[in-house]
Amino acid sequence: MIVAIDGPAGSGKTTVAEQLAKRLSFSFLDTGATYRVLTYAVLEKGVNPEDEEGLTNLAKSLDLKIDNNKVYLKDADISKEIRKPRIDKNISKIVGFKRVREIMNGLQRKEAAGKNYVVEGRDITTVVFPDAEFKFYLDANQKIRIERRVQQLLKEGEVVNQQEVADDLVKRDKADKNREVGSLRLTEGTRYIDTTHLLIPEVIEKLFAIIKEK
Ligand code: DC
């Protein structure tokens, strides 16, 4: 069974998906992390982020392993590196290419299809697993999402420039909602949950109750 969760940056979906998966005894797939690994590889290899052909070839040969909240590139654990602001800054351009997304969709489906998974991202309810048994869209107002992102970076020991974090998040929101393929959209059959005034355990409880009810 697949539980699909979409939502913008800072909506809490990664934490919620991870903990909900634990509660359900499901595996968890953070698809944003797959795009983050690709972006990391692009920066490491010096591939031009505008070069669709180069990006497609890199995506095809990406030696990526993902195990719940850990990600590995060629067996090196890069779980921390992919959360750095330099990845946030460069990711939007890279994830906008149709062919790149098709390859990443394939990787994501291969990982989770036919198994018990909570999968989260931007296009999981619309493109990757539109027939998922449960589909949720988590949201929160932009101010609180920026604040959450700042707190997350501080917790990870980053030196944080609040204005830069805000600018990146606003830019990513715009890119996520307006890209031609795989954009972030709320579609019919997906439950909208506003987490602005909810704590993480409350969101998990809400989702868990909906799933258990069926
Ligand atoms: O969820 P996140 O912030 O780690 O995602 C990082 C970026 O990856 C985000 O700005 C948009 C992109 N992304 C995407 O295009 N499609 C997905 N399914 C997941 C993430």
Side-chain angles (χ1 to χ4, degrees), residues 2-18 21 28-43 49 52 55 59 62 64 66 68-71 78-113 117-130 132 135-140 142 145-153 156 158 164-187 190 195:
I2 300 282
V3 177
I5 305 179
D6 281 333
S11 59
K13 64 188 183 317
T14 306
T15 313
V16 167
E18 187 180 4
F28 152 66
L29 178 61
D30 166 3
T31 62
T34 67
Y35 287 103
R36 285 175 179 274
V37 172
L38 177 63
T39 304
Y40 176 89
V42 167
L43 297 178
E52 185 170 11
L55 294 176
L62 202 65
L64 155 77
I66 190 154
N68 288 295
N69 60 2
K70 292 261 177 229
V71 289
I78 55 162
S79 313
K80 284 217 171 82
E81 280 78 358
I82 63 161
R83 305 282 160 201
K84 302 269 179 197
R86 75 178 182 123
I87 305 292
D88 288 354
K89 269 194 203 333
N90 287 285
I91 200 163
S92 292
K93 240 184 248 162
I94 296 164
V95 304
F97 291 106
K98 185 165 180 265
R99 283 161 62 204
V100 171
R101 297 199 71 87
E102 282 168 359
I103 294 163
M104 302 309 281
N105 292 347
L107 287 178
Q108 294 157 13
R109 289 194 190 106
K110 196 168 148 211
E111 182 78 22
Y117 254 93
V118 179
V119 186
E120 62 93 344
R122 300 292 189 290
D123 57 350
I124 308 308
T125 64
T126 52
V127 177
V128 183
F129 288 113
K135 299 195 285 182
F136 299 101
Y137 184 111
L138 299 193
D139 204 1
Q142 201 172 59
R145 291 189 291 110
I146 291 167
E147 182 54 31
R148 287 175 184 168
R149 182 74 184 129
V150 167
Q151 290 307 324
Q152 182 194 358
L153 288 169
E156 285 161 11
E158 290 290 324
E164 243 178 67
V165 173
D167 292 347
D168 278 346
L169 190 134
V170 170
K171 208 174 96 198
R172 281 206 290 148
D173 269 5
K174 206 167 154 208
D176 286 347
K177 289 184 178 160
N178 295 309
R179 78 171 60 92
E180 278 173 34
V181 282
S183 62
L184 173 63
R185 283 181 301 128
L186 174 65
T187 49
T190 297
T195 72

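First listed ligand is number 1; within each ligand, the first listed atom is number 1.
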Participant: I need the contact type for Arg172 against ligand 1. Using non-hydrogen atoms and a strict under-4.0 Å cut-off, is it side chain, backbone, both or neither?
Facilitator: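 The answer is the side chain of Arg172.
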Participant: Between Met104 and ligand 1, which part of the residue brings a heavy atom under 4.0 Å of the ligand: side chain, backbone, both or neither?
Facilitator: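 Under 4.0 Å from ligand 1, Met104 contributes no heavy atoms.
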Participant: Look up atom CZ in Phe129 and atom CG in Leu29, then write down how far apart they are to the nearest 0.5 Å.
Facilitator: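 One gets 8.0 Å once the value is rounded to the nearest 0.5 Å.
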Participant: Give the residue and atom name of whichever protein heavy atom lies nearest to atom 1 (O) of ligand 1, and the separation in Å to one decimal.
Facilitator: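 Looking at atom 1 (O) of ligand 1, the protein heavy atom closest to it is Arg122 NH1, 2.9 Å.
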Participant: Could you measure the distance from the CD1 atom of Ile66 to the CG atom of Leu107? Nearest 0.5 Å is fine.
Facilitator: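 Going from CD1 on Ile66 over to CG on Leu107, the span is 9.5 Å.
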Participant: Is a side-chain donor or acceptor of Arg109 paired with a backbone partner of Val128 at a separation under 3.5 angstrom?
Facilitator: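 Yes.
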Participant: How far is atom 8 (O) of ligand 1 from its nearest protein heavy atom, and which residue and atom is that?
Facilitator: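 Its nearest protein heavy-atom neighbour is Ile91 CD1, 3.6 Å.
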Participant: Hey, which atoms in ligand 1 end up nearer than 4.0 Å to a heavy atom of Arg179?
Facilitator: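 Selected atoms, number and element: 15 (O).
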Participant: Provide the number and element of each atom of ligand 1 under 4.0 Å from a heavy atom of Arg36.
Facilitator: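 Answer, ordered by atom number: 2 (P), 3 (O), 4 (O), 6 (C).
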Participant: Examine the side chains of Asp6 and Thr125 and answer whether a donor and an acceptor come within less than 3.5 Å of each other.
Facilitator: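 Present: a donor and an acceptor within the cut-off.
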Participant: Looking at atom 20 (C) of ligand 1, what's its closest protein heavy atom, distance included?
Facilitator: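 Of the protein heavy atoms, Gly32 CA, 3.5 Å lies nearest.
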Participant: Which of the numbered atoms in ligand 1 are under 4.0 angstrom from any heavy atom belonging to Arg83?
Facilitator: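 Answer, ordered by atom number: 4 (O).
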Participant: Any idea which protein heavy atom is nearest atom 15 (O) of ligand 1, and the distance to it?
Facilitator: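 Answer for atom 15 (O) of ligand 1: Arg101 NH1, 2.8 Å.
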Participant: Taking 4.0 angstrom as the limit and counting only heavy atoms of Lys13, give me the atoms of ligand 1 inside it, by number and element.
Facilitator: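 Per the distance check, 1 (O).
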Participant: So, Glu158 and Arg83, do they make that salt bridge, N to O below 4.0 Å?
Facilitator: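 Salt bridge flag = no for Arg83 with Glu158.
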Participant: Just by distance, no angles: are the side chains of Arg148 and Thr195 close enough, under 3.5 Å, to form a donor-acceptor pair?
Facilitator: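 Side-chain D/A pair, Arg148 to Thr195: present.
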Participant: Considering the heavy atoms of Val95, write down every atom of ligand 1 situated less than 4.0 Å from one of them.
Facilitator: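 That gives atoms 15 (O) of ligand 1.
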Participant: Determine whether the side chains of Gln152 and Arg149 contain a donor N or O and an acceptor N or O closer than 3.5 Å.
Facilitator: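 Yes.
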Participant: Is there a polar contact between ligand 1 and Asp123, counting only N or O atoms under 3.5 Å apart?
Facilitator: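 Between Asp123 and ligand 1, an N or O pair is found under 3.5 Å apart.
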Participant: Among Arg145, Arg179, Arg122, exactly one meets salt bridge (charged side-chain N to carboxylate O under 4.0 Å, His left out) together with Asp173. Which residue is that?
Facilitator: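 Answer to the salt bridge (charged side-chain N to carboxylate O under 4.0 Å, His left out) test with Asp173 among Arg145, Arg179, Arg122: Arg145.
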Participant: Any side-chain heavy-atom pair from Arg101 and Asp123 closer than 4.5 angstrom?
Facilitator: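 Side chain of Arg101 against side chain of Asp123, heavy atoms only: contact under 4.5 Å found.
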Participant: Check Asp176 against ligand 1 and report side chain, backbone, both or neither, counting heavy atoms closer than 4.0 Å.
Facilitator: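 Side chain only.
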Participant: Would you mind running through ligand 1 and noting each atom that sits below 4.0 Å from a heavy atom of Thr31?
Facilitator: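 Those of ligand 1 that fall under 4.0 Å from Thr31 are 17 (C), 18 (N), 19 (C).
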Participant: Heavy-atom contacts with Gly121 under 4.0 Å: which atoms of ligand 1 show up? List them by number with element.
Facilitator: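 Once the distances to Gly121 are compared, the set is 18 (N), 19 (C).
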Participant: When rounded to the nearest 0.5 angstrom, what is the spacing between CG in Asp30 and CD in Glu18?
Facilitator: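 If we round to the nearest 0.5 Å, Asp30:CG and Glu18:CD are 8.5 Å apart.
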Participant: How does Gln108 reach ligand 1, if at all, at less than 4.0 Å between non-hydrogen atoms: by side chain, backbone, both, or neither?
Facilitator: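 Under 4.0 Å from ligand 1, Gln108 contributes no heavy atoms.
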